[in-house]
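Everything on this sheet refers to the single structure shown next.
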There are 2 protein chains.
Amino acid sequence: MTKRATTKDKILDAAEVLFAEHGFKQTSLRQITAEAEVNLASVNYHFGSKKALIQAVMARYLEVFMPSLATELTQLDAGFSTRDVFECFRTPLAELRHVRKHGPTLFLSLLGYAYAEIQGHLRRYTMDQFGDVMALLLDTLHQANPQLSPIDMFWRLHFVLGATVFAQVSGPALREIAAADFGEAVAADQVIDRLIPFLAGGVDATVAE
Amino acid sequence: MTKRATTKDKILDAAEVLFAEHGFKQTSLRQITAEAEVNLASVNYHFGSKKALIQAVMARYLEVFMPSLATELTQLDAGFSTRDVFECFRTPLAELRHVRKHGPTLFLSLLGYAYAEIQGHLRRYTMDQFGDVMALLLDTLHQANPQLSPIDMFWRLHFVLGATVFAQVSGPALREIAAADFGEAVAADQVIDRLIPFLAGGVDATVAE
DNA sequence: CTAAAATTAAAACGCATGTTTAAAATGTAC
DNA sequence: GTACATTTTAAACATGCGTTTTAATTTTAG
């Protein structure tokens, strides 16, 4: 049988939803503890500070996602394309559903805000912990596109991150507009189906002369 | 001869730099008025509120940029490519240098934060004021890519915005990393040279089957 | 059952924010 | 030069924030 949710988990669950919705800085501990139905002081008791809570929220996802992505990347068959590299994101993202029902969407939103609000400590944490996976990704993409210089690849990877996190951060609003304008509801998962071809096309583009 | 800067202008000039650097919400009126060397209360006296100041900052740029972009788009020669459409952004962006020395960079950063911090009032203001230009852009891109369905084009345009905006928001940090890792300094203007081929490649990509 | 440890709870602290107030200073028109 | 309007100034206000404190409560061990 499943244990009753602990205070610590109730905080994490409430925090990640609010963070994903409104960003880190703009979400207060009072909102979080109200939503989690726990006492305000319990955040500092269990996590020490808001900063530490933010890192704990990210860690739950990064610890699943990053190793999984690394595995997928290293298992690529020889002669892979850029498109194949981006397809490697599907499985690790889908696995986040195991940590939380809407894990994939939540994670990408959190990542987006982690980038947008240039939280020094978060960026440092991510890079310290998973810089090797990022380097592997950069290297793998470069293998698929040897014609691009490392610096060109560097910039294109960051354009990719930008398009991805942005699409997810403003995802709810955009899906709403899309549904209103085109009468077509789009699930969050389907956005990635539209995204991958776009990203691959961008990375594969010939450099400006 | 040029008039001495008024309090109102000193506030606008200081505000836009701080906003572009740290975002809207995270920049306080006290930082702004200290930088501008004016009294704290003068913001509310001259603009009414922080919200109104933010809109005034954006308006200075949008009023120049949007009509100029519209002009460029309508003057495209028949048979234009996606790449041609994105090249239309160069001139309007460059013109922002007339309103302020680093106008192009500032404007894109501001736009980035306006999107990232989902400021309802700002999004509404932008759409109300310049929704027609956005529609024109969407339509023009669709002309260059008639094979894409309207909803595919809708999503790709927003991926484009995401990549652009994030490239600029995290631009200073990225340029720093790039310079450290590749020993190659990149001016802010040159980022757009790397961006345009990427965006065009993404938009032109064949849709997923 | 009891004593110690871990957790929860309520309240307050110190600080920063946007905004307002009311007086002082400055500029303008006659 | 005087009266009026505009602008600047300093101070205070109300609110929300993360954090800390202290006491009550619950859980855990022996």
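The basis for the numbers below is simple: all heavy atoms, side chains too, and nothing from hydrogens, waters or symmetry mates. In what follows, chains are A, B, ... by sequence order, proteins preceding strands, each numbered from 1.
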Legend entry - Letter per nucleotide, 5' to 3', of nucleotides 6-22 of chain C [B base touched, S only sugar-phosphate touched, - untouched; heavy atoms, 4.0 Å]: SBBBB-B----BBBB--
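- Applying the side chain to side chain contact (heavy atoms under 4.5 Å, CB included) test between Ile11(B) and each of Leu29(B), Thr6(B), Val43(B) identifies Val43(B) as the sole match.
- Among pairs with a residue in residues 132-143 of chain A, none fulfils side chain to side chain donor-acceptor pair (under 3.5 Å), at least two apart in sequence or across chains.
- Comparing the start and finish of the helix from dC1(C)-dG30(D) to dC30(C)-dG1(D), five pairs each, the helix axis swings through 10°, to the nearest 10 degrees.
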Legend entry - Summary of protein contacts for nucleotides 23-29 of chain C, nucleotide by nucleotide, where a base hit scores B, a sugar-phosphate-only hit scores S (4.0 Å, heavy atoms): -------
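- Not a single ring pair (Phe, Tyr, Trp, His ring centres under 6.0 Å) links Phe89(B) to another residue, sequence neighbours left out.
- Taking atom CD1 of Ile11(A) as the reference point, atom P of dT19(D) lies 13 Å away to the nearest angstrom.
- Atom OH of residue Tyr113(A) and atom CD of residue Glu21(A) lie 8.5 Å apart, to the nearest 0.5 angstrom.
- Residues meeting the salt bridge (Lys or Arg N to Asp or Glu O under 4.0 Å) test with Asp9(B), sequence neighbours left out: none.
- No hydrogens or angles considered: a donor-acceptor pair under 3.5 Å links the side chains of Asp152(B) and Ser149(B).
- When Leu199(A), Thr164(A), Val191(A) are each tested for a side chain to side chain contact (heavy atoms under 4.5 Å, CB included) with Phe159(B), only one passes: Val191(A).
- Between the CG atom in Leu12(B) and the OG1 atom in Thr7(B) there is a gap of 11.0 Å [rounded to 0.5 Å].
- Ring geometry for Phe198(A) against Phe198(B) counts as perpendicular: the plane angle is over 60°, on a 0 to 90° scale with 30° as the lower cut.
- Annotation for Thr74(A) and Thr71(A): closest pair OG1-O, 2.9 Å, computed over non-hydrogen atoms.
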